[in-house]
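Just so you know, ligand 1 is whichever comes first in the structure, and atom 1 is the first atom listed for that ligand.
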Amino acid sequence: MSPALPHLMAPGRIGSLSLRNRIIMSPMGSNMAESEGFCGERIQRYYERRAAGGAAMVIMGSVGISWPLGSPNWRQVAISDDRYLPELTALVERVHHHGALAAVQLHHGGLEAINDSQAGRPLLCPSEPEHAEESLTRYLTADEIATLSEPYQAETCQVHYKVADAEDIAWVIGQFVAAAQRARRCGFDAVEIHAGHGYLISSFLSPSVNKRSDAYGGSIENRSRLLVEVIAAIKAELGEDFPVWFRLDSHQFAAGGITNEDACATARLAVAAGADAVHCSADGDHSTGTCYTEGHSTHVPAGFSRFAAAVKASVDVPIIMPGRVEPAAGDRLIREGSIDFVTMARKLLADPDLPNKIQQNRQQDIRPCIYCYTCISQIFLRRHVICAVNAETGFETERSITPAATTRHVAIIGGGPAGMEAARVAALRGHRVTLIEKAPRLGGTVFFSGASYPPNSKLVAYLGEQMKTLAVDVRLNTEATPALIQQLAPERVVVANGCGRALPDIPGIDLPHVLDGDQIRSLVTGEGLDALESKIDRFTRILLAGAALSRVTANMALVRQLSKLWMPLGKRIVFIGGGLVAVELAEFLAQRGRQVTLLEEGGTFGRELMLVRRWRNMADIEALGVQCLPHAQVLRIDSNTVTYRNSSQQERTIAADHIILTTGTTANLALADALENQGFTVHTAGDCNGVTYIEGAMREGYLAGQAV
Ligand SMILES: Cc1cc2nc3c(=O)[nH]c(=O)nc-3n(C[C@H](O)[C@H](O)[C@H](O)COP(=O)(O)O)c2cc1C
């Protein structure tokens with residue numbers, strides 16, 4: 001059977017290399033080295049897993065050529081000395097064993113090398129940087145700020161600079177060449193020069209950073225000189241046949257930064273020097289938190305395609321492109337001739353088997369990335385990479401699904417992500433699984449969040465599909481009473497029935513224009529409308545019931561479209577609580593013309609979101625005019641106003657047509673306790689243990705599925 005995406009799955013060539021398809025694992029710093037830059041079992045298994053999943057090649061992310069010099073990451077892998085070679089060689093052998101190629105991204109962090117500052121070493125740079133005002137700590141929690149600033153608290157810390165002179169430049173070139181030689185000795189098939197993302201070589205390329213007036217600054221030929229010399233030197237030392245390419249910012253989303261025309265010119269010069277391919281990434285403005293979602297880990301689907309296509313038109317070597325490229329888009333871009341290879345980063349963290357599943361025409365089984373930025377936020381927080389939807393990522397040594405020693409009947413209560421993930425894992429292990437859900441559909445609260453954040457709908461669809469494939473006995477519209485569980489008589493029970501809710505004690509909370517989470521969900525689905533009798537008029541209820549009957553509200557994509565035309569919510573909306581739900585819904589409502597205000601008791605909005613996504617969301621909702629008021633204690637609600645006390649202890653009143661309550665969620669272990677008291681062996685997972693983000697629900701679901 002030919003694969004559904006023939007262009008993406010077609011073999012391809014880069015220089016002397018033959019690749020089995022067009023999917024390459026994108027380089028990712030994983031913070032998974034053992035101490036001192038060694039590449040131990042954990043990271044070896046992590047790369048091996050992606051090779052086993054069918055990627056044509058894995059590129060090991062940012063490996064230090066002069067480690068610890070030039071290192072920005074807490075646990076960066078090093079290739080700066082021969083002592084690292086045995087473990088790197090073992091990694092390459094593991095990757096090759098699965099028929100994939102292995103490349104290594106050679107890296108010097110330049111101005112981003114935090115570890116240099118921490119140790120008091122100067123940051124190597126083309127010219128002393130002009131200091132832009134930074135807004136990186138905006139929207140962060142105190143804990144996050146403490147973690148990010150940890151390196152700067154070290155006694156040895158000193159932030160100072162070394163403007164590269166001729167000797168430094170010769171040293172840099174020598175370090176890249178020596179690293180490439182070591183890479184070849186380990187058996188790596190190729191090297192990628194990291195020339196993007198604000199690191200050393202890209203700081204030479206960027207006109208906003210490089211202010212030199214010698215042969216390495218000014219014109220694009222001069223700014224490209226360091227890269228060109230590195231490539232030429234590697235080719236000269238390792239021979240024409242050893243493939244070398246570079247990762248380039250094909251555009252920099254920053255004032256005065258690298259333009260696409262610059263990138264095309266650099267690509268021409270580097271290819272003339274011997275580069276076998278160009279890897280077209282992008283960069284952002286390093287003084288803002290949106291740098292990462294605009295730049296290399298873009299939130300825009302196939303966000304770099306027009307820049308990459310322009311580079312492709314400038315050179316005659318293969319173009320590799322990352323950037324939220326879904327398989328179908330990758331296939332199309334290759335077919336159209338805009339690019340030649342796709343690099344996937346986050347998608348292969350979510351599902352390492354993505355290439356094999358496409359090859360086998362099993363696209364419905366691909367676990368989708370939800371672009372929540374948990375993975376990359378971990379790197380900022382000096383932890384190793386994990387994935388919100390794949391609990392095995394980063395834990396390949398200790399987590400994998402193997403058959404259960406004793407197969408059992410397992411009842412799972414709750415069909416949200418935690419329950420479905422527990423069901424998936426338990427069923428894969430050979431258990432007979434009954435999944436009980438009181439709503440008429442699967443997905444729990446994540447189903448609804450698909451209206452405001454569509455990638456979540458894909459996760460619900462994937463998990464739902466797995467329930468069918470694995471023949472899980474799904475019972476919808478079923479209340480999991482202790483009596484029902486007695487009757488089913490399972491040998492193990494997983495309770496994943498979601499959080500509890502307690503209304504805060506605020507005068508006016510019962511007024512008709514105040515809606516809590518459940519009531520908002522009823523408005524979206526048109527179900528449980530009786531509970532809304534005092535909240536919305538009869539005509540609206542009939543309309544919503546009709547939408548539910550015709551199954552319009554079962555389709556979140558349709559809900560998104562129709563809600564642009566009509567929603568039973570007034571113009572001025574005030575949220576009590578500024579967590580994840582409020583931030584996501586605020587964006588949805590503001591896009592639909594509502595004036596939205598968030599009142600948050602604490603100092604941080606969207607605190608359940610990982611920081612890189614929070615930076616993005618907060619910038620987006622502020623751009624939409626959403627007013628975010630921290631340290632606001634709500635005092636009372638009246639018929640068309642909310643009164644709160646601000647951080648200066650002043651009372652303020654704002655107008656509100658509707659008030660949405662997003663606080664008051666609690667743990668909810670009553671059913672789990674009751675079942676345990678009846679003698680069942682019970683595991684709990686997800687929000688019933690206290691509200692977490694999807695990552696927590698999926699991880700706990702996975703572990704519960706393993707434990708039963
Ligand atoms: C956890 C993580 C670490 C990353 N580290 C690197 C890195 O070390 N070097 C690099 O060039 N890009 C790095 N990136 C960017 C990715 O290689 C990739 O370009 C980006 O995530 C967009 O591709 P995607 O949409 O397939 O995730 C990293 C991305 C993530 C998510």
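- Here is the list of ligand 1 atoms found below 4.0 Å of a heavy atom in His194: 9 (N), 10 (C), 11 (O).
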TODO: Evaluate the criterion side chain to side chain contact (heavy atoms under 4.5 Å, CB included) for residue pair His384 and Arg42; output intermediate values, then yes/no.
DONE: CA-CA 10 Å; His384 77 64; Arg42 182 178 300 281; 4.1 Å; yes
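- Atom numbering of ligand 1 starts at 1 in the shown order; those under 4.0 Å from a heavy atom of Ala345 are 16 (C), 18 (C), 21 (O), 23 (O), 24 (P), 26 (O), 27 (O).
- In this structure, His197 and Tyr199 have tilted ring planes: the angle between them lies in the 30° to 60° band.
- Contact between Gly196 and ligand 1 is absent, with no heavy atom of the residue lying under 4.0 Å from the ligand.
- Between Asn356 atom CG and Ile23 atom CD1 the span is 9.5 Å, to the nearest 0.5 Å.
- Looking at ligand 1, you won't find any N or O of Glu192 less than 3.5 Å from one of its N or O atoms.
- For Glu294 and Arg616, the salt-bridge test passes: some basic side-chain N is under 4.0 Å from an acidic carboxylate O.
- Residue Cys375 approaches ligand 1 through these ligand atoms, each under 4.0 Å from one of its heavy atoms: 1 (C), 31 (C).
- Only the side chain of His197 comes within 4.0 Å of ligand 1, judged by heavy-atom distances.
- Remark: minimum distance from atom 5 (N) of ligand 1 to any protein heavy atom is reached at Gly29 N, 2.9 Å.
- Shown are Val95, Leu17, Ile59; of these, the side chain to side chain contact (heavy atoms under 4.5 Å, CB included) with Leu101 is made only by Leu17.
- Near Ser26, with a cut-off below 4.0 Å to any heavy atom, the atoms of ligand 1 are 16 (C), 17 (O), 18 (C), 19 (O).
- The protein non-hydrogen atom at the shortest distance from atom 22 (C) of ligand 1 is His296 O, 3.1 Å.
- Phe204 and Tyr216 have perpendicular rings, their planes meeting at more than 60° on a 0 to 90° scale where under 30° would count as parallel.
- When heavy-atom distances to ligand 1 are checked against a 4.0 Å cut-off, Arg247 comes that close only through its side chain, counted from C-beta outward.
- If you number the atoms of ligand 1 from 1 as listed, the ones under 4.0 Å from a heavy atom of Met344 come out as 26 (O).
- Near Gln105, the atoms of ligand 1 lying under 4.0 angstrom from a non-hydrogen atom of the residue are 7 (C), 8 (O), 9 (N), 10 (C), 11 (O).
- Below 4.0 Å from some heavy atom of Arg324 lie the following atoms of ligand 1, by number and element: 24 (P), 25 (O).
- Remark: side-chain polar atoms of Arg182 are not paired, donor with acceptor, to backbone N or O of Tyr84 under 3.5 angstrom.
- Note on Lys312 versus Glu336: no salt bridge recorded, every NZ/NE/NH1/NH2 to OD/OE distance being 4.0 Å or above.
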